[in-house]
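This report refers to the structure that appears directly beneath it.
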2 protein chains.
Amino acid sequence: MGRISRIPQAVVELMSGAKRDCWTIEELQNSLNSSGIAADFSSVFRASQKLEDQGVLRRVELNDGKAHFEFTHGHHDHMICQKCQLVSQIPCEFFETSIGEAVSRSGFKITGHSLVIEGLCKNCQNIGAVK
Amino acid sequence: MGRISRIPQAVVELMSGAKRDCWTIEELQNSLNSSGIAADFSSVFRASQKLEDQGVLRRVELNDGKAHFEFTHGHHDHMICQKCQLVSQIPCEFFETSIGEAVSRSGFKITGHSLVIEGLCKNCQNIGAVK
DNA sequence: CTACGTGCAAACTATTTGCCTACAA
DNA sequence: TTGTAGGCAAATAGTTTGCACGTAG
């Protein structure tokens with residue numbers, strides 16, 4: 001077997017080829033299974049861990065009680081529409097050039113941050129109220 | 001019985017009289033128990049729920065897998081020191097006047113946000129490296 | 001009597017770990 | 001043979017719910 005094992009490789013390929021940017025372990029597993037790749041939840045879990053350790057993936061908190069993973073490169077923050085659950089991206093520069101700078105100036109050394117914005121996306125505002 | 005029941009009232013009194021601003025259910029329970037107030041975990045859980053529903057408390061995500069509660073009034077964001085676990089507060093205005101404004105301008109209607117900054121507090125930077 | 005608050009235990013959800021087998025070097 | 005990957009099931013951790021009892025109104 002090559003240096004990259006079956007499931008981690010499949011996860012990276014799946015994520016590379018899809019539009020979605022944040023995946024729960026369950027979503028990854030289902031998607032793999034659907035494309036004919038057998039994978040146990042725990043195997044996908046371990047794959048995510050390994051990829052996170054290697055710096056390929058980054059764990060993202062969306063405050064829904066589940067772990068989410070995205071590629072480390074192109075790191076960004078997230079907005080979630082509370083109606084359609086659409087997750088959209090916010091460039092991190094917004095954070096870094098405003099809050100981050102102010103916090104750093106206060107003497108706190110920042111090593112990471114998690115920003116989640118909840119609300120209604122443009123589309124759902126037009127359609128109607130929150131379900 | 002008055003309109004405020006035993007445990008919710010004790011929770012509010014405890015939180016009002018303490019310096020700490022974010023409490024897990026377990027911390028609340030332990031603290032109550034220590035001061036001679038018997039309270040089951042589930043009772044404290046239900047008290048937190050009720051107080052949250054009433055708008056007295058707000059649930060805060062600190063991404064440690066536990067639910068945290070703080071008073072709704074004086075809402076703010078948080079910085080956590082990854083060495084000493086100190087949680088300090090950041091005024092929300094930092095968020096609202098920078099990122100929030102930019103996001104709103106993009107058409108997303110913000111109803112809430114969660115910002116957690118991880119790093120090293122001033123004190124721990126001086127003492128040494130991360131454990 | 002009726003409603004509500006609480007304790008206790010069980011159910012749930014998501015994560016994490018242990019162990020065993022199979023396969024590749 | 002030896003180490004690693006992966007499947008399966010059990011263990012954790014935290015939260016949530018069901019139920020029964022006691023008590024205030």
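Chain letters run A, B, ... following the sequence lines, proteins first, then strands; residues in each count from 1. Excluded from the calculations below are hydrogen atoms, water molecules and symmetry mates; all remaining heavy atoms, backbone and side chain alike, are included.
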Inset, instruction - Take atom CD of B:Glu52 and atom C1' of D:dT16, then tell me their distance rounded to the nearest Å. - result: 14 Å
Inset, instruction - Would you list the pairs meeting salt bridge (charged side-chain N to carboxylate O under 4.0 Å, His left out) in which at least one residue belongs to residues 113-126 of chain B, sequence neighbours left out? - result: none
Legend entry - Nearest heavy-atom neighbours spanning A:Val12 and A:Ser16: O-OG, 2.7 Å
Inset, instruction - Any chance you could pull the hydrophobic cluster mates of A:Leu86, using side-chain heavy atoms under 4.5 angstrom and chaining through other members? - result: none
Legend entry - Partners passing side-chain hydrogen bond (donor to acceptor under 3.5 Å, both in side chains) against B:Ser114 (at least two apart in sequence or in another chain): A:Asn63
Inset, instruction - Name all residues meeting the ring pair (Phe, Tyr, Trp, His ring centres under 6.0 Å) criterion together with B:Phe71; count only those two or more places apart in sequence or in a different chain, and write none if there are none. - result: B:His73
Give every pair of a protein N or O atom and an N or O atom of nucleotides 14-18 of chain C that lie under 3.5 Å apart, one pair per line with the distance.
{"unit_1": "C:dT15", "atom_1": "OP1", "unit_2": "A:Ala67", "atom_2": "N", "d": "2.6"}
{"unit_1": "C:dG18", "atom_1": "O6", "unit_2": "A:Arg46", "atom_2": "NH2", "d": "2.8"}

Legend entry - Whole angstrom value for the distance that separates P of C:dC4 from CD of B:Gln9: 19 Å
Inset, instruction - Can you run down the salt bridge (charged side-chain N to carboxylate O under 4.0 Å, His left out) pairs that involve residues 62-77 of chain A, sequence neighbours left out, and say none if there aren't any? - result: A:Arg58-A:Glu70
With a 3.5 Å cut-off and sequence neighbours excluded, list the donor-acceptor pairs that the side chains of residues 92-102 of chain A form with protein atoms.
{"unit_1": "A:Thr97", "atom_1": "OG1", "unit_2": "A:Glu93", "atom_2": "O", "d": "2.8"}
{"unit_1": "A:Ser98", "atom_1": "OG", "unit_2": "A:Phe94", "atom_2": "O", "d": "2.5"}
{"unit_1": "A:Ser98", "atom_1": "OG", "unit_2": "B:Ser98", "atom_2": "OG", "d": "3.4"}

Inset, instruction - Check DNA chain D against residues 27-36 of chain A and give the residues with a non-hydrogen atom under 4.0 Å, in numerical order. - result: none
Inset, instruction - Quick one: label B:Ala38 by what it contacts on the DNA or RNA (base, sugar-phosphate, nothing), any heavy atom closer than 4.0 Å. - result: sugar-phosphate
Legend entry - Pairs flagged by salt bridge (charged side-chain N to carboxylate O under 4.0 Å, His left out) wherever residues 25-35 of chain B is involved - sequence neighbours left out: B:Arg20-B:Glu27
